[in-house]
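Below: the structure, in structure tokens.
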Amino acid sequence: MENFNEMISAWKGEAVLIKFDRPTGSWIFIALHDFTLGNPSGGTRFQVYPSPNEALLDAMRLAEGMTNKWAAIDFPHGGGKAVIAPPGPIEADDRIGLFRRYGRFLESLNGLFATGADMGTTEADIAVIGQETRFVHGLDANHQPVDPGPYTAHGVYSGLCEALRATVGSADPAGITVLVQGVGDVGGVLARTLSAAGANLLLCDLNSGLLQQVASELDAEIVAPDDIYATACDVYAPCAVGATLNRETIPLLKCKIVAGSANNQLAESADANRLVERGILYAPDYIINAGGAMSLGLADSGSRDSKELFARVESIGTSLAEIFQEASERSESPVLAAQRRVERILETARAASTD
Ligand code: PHE
């Protein structure tokens with residue numbers, strides 16, 4: 001992998017902030033991709049990476065996804081993402097200290113970047129950040145963080161039902177087989193919702209304790225990590241790491257639909273066409289997983305009633321239905337229809353700012 005300087009100069013974003021947290025040996029990258037709709041914001045991911053370069057690359061790719069996500073739902077934020085890459089697992093006081101220092105750093109940026117939960121960060125971590133800075137999305141009246149996970153899952157569920165409608169003619173998941181990769185904060189909720197609706201579940205997670213627990217609760221089958229892509233199912237729902245759709249995995253897939261919550265599911269843009277060629281309907285990630293961002297944005301503007309938030313998140317199903325329709329009329333990937341939507345919103349904002 002290239003050096004930081006080569007990676008940043010090849011990236012089409014605005015800026016990257018890099019901080020080394022000496023007490024824990026963690027690298028912190030805040031990638032600020034785009035300011036068109038407002039100052040960038042996005043979740044903070046906490047993950048051990050093979051090297052700081054991988055963490056930087058993840059931050060930059062995820063930040064671009066956030067630009068698309070905020071634009072697709074037309075919320076007034078630019079795209080950004082933070083990645084905290086510790087050298088190994090960090091718990092207890094060391095973890096609190098790290099998130100405290102990170103919160104203070106965000107406060108010193110004075111709103112240049114605002115954040116919330118992402119893979120690896122817990123509500124407790126976000127609460128610690130929230131003690132140090134105003135720039136956290138979705139704190140409730142008691143200064144406790146709203147968990148975006150269930151809202152993301154709800155949006156994915158409504159999008160998945162629309163994908164079913166577009167392919168098999170009925171939006172009812174009863175009797176449909178769904179492979180959920182990752183049963184954490186989002187995938188776990190999605191699996192439970194699908195199970196309650198009568199779907200058959202195949203589950204996979206690197207955390208074997210959690211996997212066993214969810215599988216026995218839902219009477220679901222477990223799939224080994226090596227078998228995920230070649231396992232026959234109706235819907236593959238990636239709800240963990242990104243880039244699981246690539247030139248190696250797409251030829252193996254035995255599903256009709258890919259609809260999950262993971263960010264950056266396609267390893268490269270050519271993968272969108274690879275899916276079209278295989279006759280697999282792909283729900284663009286930043287559209288189907290926007291429920292969390294939507295709930296945090298709405299909570300910021302005072303809508304904290306969970307029933308109202310869940311109802312708003314259902315608009316994701318409607319947007320996806322339109323995107324699927326447009327893509328099918330043009331015989332193209334839904335990714336292109338989604339990108340046109342994003343471009344329209346960004347163009348309108350650019351035009352308004354030069355008036
Ligand atoms: N990290 C989640 C996402 O990628 C939720 C989130 C959205 C957190 C926006 C902060 C800001 O959508």
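All values reported here derive from a predicted model rather than from experimental measurement. Side chains are part of it too, since the values below use all heavy atoms of this structure and drop only hydrogens, waters and symmetry mates. In listed order, ligands and their atoms are each counted from 1. All residue numbers refer to positions in the sequence shown, counting from 1.
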Can you see which heavy atom on L98 is nearest to which on I28, and at what distance?
-> CD1-CD1, 4.4 Å
Evaluation steps, side-chain contact (heavy atoms from CB on, under 4.5 Å), between Q213 and V183 = CA-CA 10 Å; Q213 185 196 316; V183 291; over 6 Å; no
Under 3.5 Å, side-chain donor or acceptor atoms of residues 109-120 against the rest of the protein: list the pairs with distances, not counting sequence neighbours.
unit_1: N110; atom_1: OD1; unit_2: R134; atom_2: NH2; d: 3.4
unit_1: T115; atom_1: OG1; unit_2: G42; atom_2: O; d: 2.7
unit_1: T115; atom_1: OG1; unit_2: T44; atom_2: N; d: 3.3
unit_1: T115; atom_1: OG1; unit_2: T44; atom_2: OG1; d: 2.6
unit_1: D118; atom_1: OD1; unit_2: K81; atom_2: NZ; d: 3.0
unit_1: D118; atom_1: OD2; unit_2: R45; atom_2: NE; d: 2.7
unit_1: D118; atom_1: OD2; unit_2: R45; atom_2: NH2; d: 3.2

Do any nitrogen or oxygen atoms of ligand 1 lie under 3.5 Å from a protein nitrogen or oxygen, and which ones?
unit_1: ligand 1; atom_1: 1 (N); unit_2: A117; atom_2: O; d: 2.8
unit_1: ligand 1; atom_1: 1 (N); unit_2: D118; atom_2: OD1; d: 2.7
unit_1: ligand 1; atom_1: 4 (O); unit_2: K69; atom_2: NZ; d: 2.9
unit_1: ligand 1; atom_1: 4 (O); unit_2: K81; atom_2: NZ; d: 3.0
unit_1: ligand 1; atom_1: 4 (O); unit_2: N263; atom_2: ND2; d: 3.3
unit_1: ligand 1; atom_1: 12 (O); unit_2: K69; atom_2: NZ; d: 2.6

Please work out which of the three classes, parallel, tilted or perpendicular, describes the rings of F29 and F4, given edges at 30° and 60°.
-> perpendicular
Mutual orientation of the aromatic rings belonging to F99 and Y102 [parallel < 30°, tilted 30-60°, perpendicular > 60°] = perpendicular
Partner of R340 under salt bridge (charged side-chain N to carboxylate O under 4.0 Å, His left out), picked from E322, E347, E326, is E326
